[in-house]
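Read through the structure below, which is laid out as structure tokens, and then see the notes.
Heavy atoms only: backbone and side chains are in, while hydrogens, waters and symmetry mates are out.
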Amino acid sequence: MPVSTQMSAFETPDRACSHFGLRWFTPTNEVRLCGHATLASAAVLFRNKKNINSSLSFITLSGELIARQAGGQIILDLPLYSAYPQALQEVEELVKAAVGNMNVQDVRYSPDTKKLLVRLSDIYDRSDLEKLNVDAQELLRTKAARKVEGVIVTLKGKAGGKLESHDFYSRYFAPWNGVPEDPVTGSAHAVLSSYWSQQLGKKEMCAFQCSPRGGELKILLRDDGRVDIGGQAVSVLEGSLTI
């Protein structure tokens with residue numbers, strides 16, 4: 001049972017099994033999709049429980065999700081969600097609560113996930129996104145908050161910079177689900193992957209989520225309309241829980 005203050009995953013354990021039930025809970029409620037808790041679940045099964053299968057199947061509220069090991073990473077097969085142009089005047093208060101007076105280049109909304117995507121102008125770089133100070137509770141007080149369950153703030157990467165080059169950067173805020181800011185978010189990248197693939201004309205990308213804990217994601221859009229997202233997991237605590 002991978003546990004964090006952001007998201008916990010509960011699975012049905014069986015060392016020899018390749019199919020598992022999986023549910024995700026924030027401190028306040030159950031959610032339909034959580035990538036990093038799925039990756040953590042797969043890591044525990046592969047590494048700690050020595051599961052011998054080449055891939056693992058998780059039955060979830062978002063359907064069947066497949067996890068496999070490849071080159072030191074765990075690759076997750078996730079649904080791919082589109083984000084559509086959003087009239088700024090309808091969400092202007094929410095956007096301003098998220099990014100203040102920073103210049104915004106694009107605003108999109110994903111109805112399947114209820115996530116609002118806010119793209120900052122290309123004049124900014126990764127350090128500007130990292131310095132962004134968001135009052136998560138202020139997001140909840142805006143009028144548009146009723147139609148949204150998460151805000152993605154994203155930025156195009158710049159090749160040849162001082163920091164390692166990535167195709168795009170992001171941060172994700174979800175106080176609607178009891179998560180002021182999520183460290184690394186697979187469900188947000190199920191939306192971001194679709195958006196940036198269209199913007200950059202690429203199916204294979206490398207992304208970085210710029211939360212204080214942060215993390216890199218390897219992305220591959222597949223021909224079947226889904227997305228492979230790869231990342232790494234590190235075990236920091238092990239113990240037993242009696243229920």
Side-chain angles (χ1 to χ4, degrees), residues 2-10 22-40 60-62 78-79 81 83-84 86-104 106-120 124 126 128-155 168-195 207-215 217 229 231:
V3 177
S4 73
T5 56
Q6 285 79 26
M7 201 78 69
S8 300
F10 291 82
L22 182 62
R23 299 170 66 184
W24 307 283
F25 297 85
T26 74
T28 60
N29 58 278
E30 185 171 10
V31 296
R32 293 189 59 82
L33 179 62
C34 179
H36 79 249
T38 306
L39 185 143
T60 77
L61 290 176
S62 290
L78 298 180
Y81 296 112
Y84 303 97
Q86 167 66 55
L88 179 60
Q89 61 267 26
E90 296 178 4
V91 293
E92 189 169 9
E93 184 185 11
L94 179 55
V95 171
K96 188 172 180 61
V99 302
N101 294 320
M102 298 181 79
N103 294 332
V104 172
D106 198 4
V107 180
R108 302 287 181 106
Y109 179 69
S110 170
D112 293 318
T113 65
K114 295 185 178 180
K115 289 176 172 46
L116 186 72
L117 184 155
V118 180
R119 176 182 174 181
L120 296 177
Y124 300 113
R126 172 177 168 174
D128 295 306
L129 181 57
E130 290 175 333
K131 290 184 289 188
L132 183 64
N133 185 18
V134 177
D135 182 349
Q137 293 306 308
E138 184 65 25
L139 302 179
L140 296 175
R141 290 190 281 268
T142 63
K143 294 179 181 178
R146 291 189 295 272
K147 66 175 285 186
V148 174
E149 291 185 2
V151 173
I152 304 166
V153 182
T154 188
L155 176 70
F168 64 88
Y169 301 101
S170 67
R171 290 175 65 184
Y172 180 63
F173 307 93
W176 296 266
N177 289 314
V179 182
E181 180 172 6
D182 198 40
V184 186
T185 317
S187 63
H189 281 81
V191 177
L192 285 162
S193 298
S194 175
Y195 175 78
F208 192 86
Q209 190 158 333
C210 299
S211 68
R213 210 162 81 193
L217 304 94
I229 298 181

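- Minimum heavy-atom separation, Ile229 to Ser193: CD1-OG, 4.3 Å.
- Ion pair Glu93/Lys96 not flagged as a salt bridge, since none of the NZ, NE, NH1 or NH2 atoms sits closer than 4.0 Å to an Asp/Glu carboxylate oxygen.
- Cation-pi contact between Lys147 and Tyr109: present, with separation from the ring centre below 6.0 Å and deviation from the ring axis of at most 45°.
- Among residues two or more places apart in sequence or in another chain, the side chain to side chain donor-acceptor pair (under 3.5 Å) test is passed with Thr185 by Asp182, Gln209.
- Separation of atoms CG (Asp112) and OH (Tyr81) is listed at 6.5 Å; rounding is to 0.5 Å.
- The shortest side-chain heavy-atom distance between Lys115 and Tyr172 falls under the 4.5 Å cut-off.
- Judged by distance alone, with hydrogens and angles left aside, the side-chain atoms of Ser187 form no donor-acceptor pair with the main-chain N or O of Gly35 at under 3.5 Å.
- Side-chain atoms of Ser170 do not come within 3.5 Å of backbone N or O of Val153 as any donor-acceptor pair.
- Interatomic distance, CG of Leu155 versus CG of Leu129, reported as 6.0 Å (0.5 Å rounding).
- Here the side chains of Thr28 and Trp176 are not in contact, with every heavy-atom distance at 4.5 Å or above.
- Between the Thr142 side chain and the Leu139 main chain, a donor and an acceptor come within less than 3.5 Å of each other.
- Between Ala136 and Pro175 the shortest heavy-atom distance is O-CG, 3.3 Å.
- Contact of the Val134 side chain with the Glu181 side chain is not registered, since no non-hydrogen atoms from C-beta on lie closer than 4.5 Å.
- Under the 4.5 Å side-chain criterion, counting only non-hydrogen atoms from C-beta, Trp24 is in contact with Thr38.
- Contact of the Val95 side chain with the Leu116 side chain is registered, since non-hydrogen atoms from C-beta on lie closer than 4.5 Å.
- The minimum heavy-atom distance between Arg126 and Phe208, with the atom names listed, is NH2-CE2, 3.3 Å.
- For the atom pair Arg32 CZ and Asn177 CG, the distance stands at 12.0 Å (nearest 0.5 Å).
- Atoms CD and CG, on Gln137 and Leu140 in that order, are 5.0 Å from each other to the nearest 0.5 Å.
- Residues Ile152 and Tyr195 form no side-chain contact, since every pair of their non-hydrogen atoms from C-beta on lies 4.5 Å or further apart.
- Every side chain to side chain contact (heavy atoms under 4.5 Å, CB included) that Gln89 has, sequence neighbours left out, goes to Ala87.
- Shown here are the ring-ring contact (aromatic ring centres under 6.0 Å, His included) partners of Phe168, two or more places apart in sequence or in another chain: His189, Trp196.
- Counting heavy atoms from C-beta outward, Arg141 and Asp135 have side chains that approach closer than 4.5 Å.
- Residues Leu33 and Thr60 form no side-chain contact, since every pair of their non-hydrogen atoms from C-beta on lies 4.5 Å or further apart.
- In this structure, the separation between OG on Ser110 and CD on Gln86 is 11.5 Å, given to the nearest 0.5 Å.
- Considering CD of Glu130 and CZ of Arg171, their distance stands at 8.0 Å, rounded to 0.5 Å.
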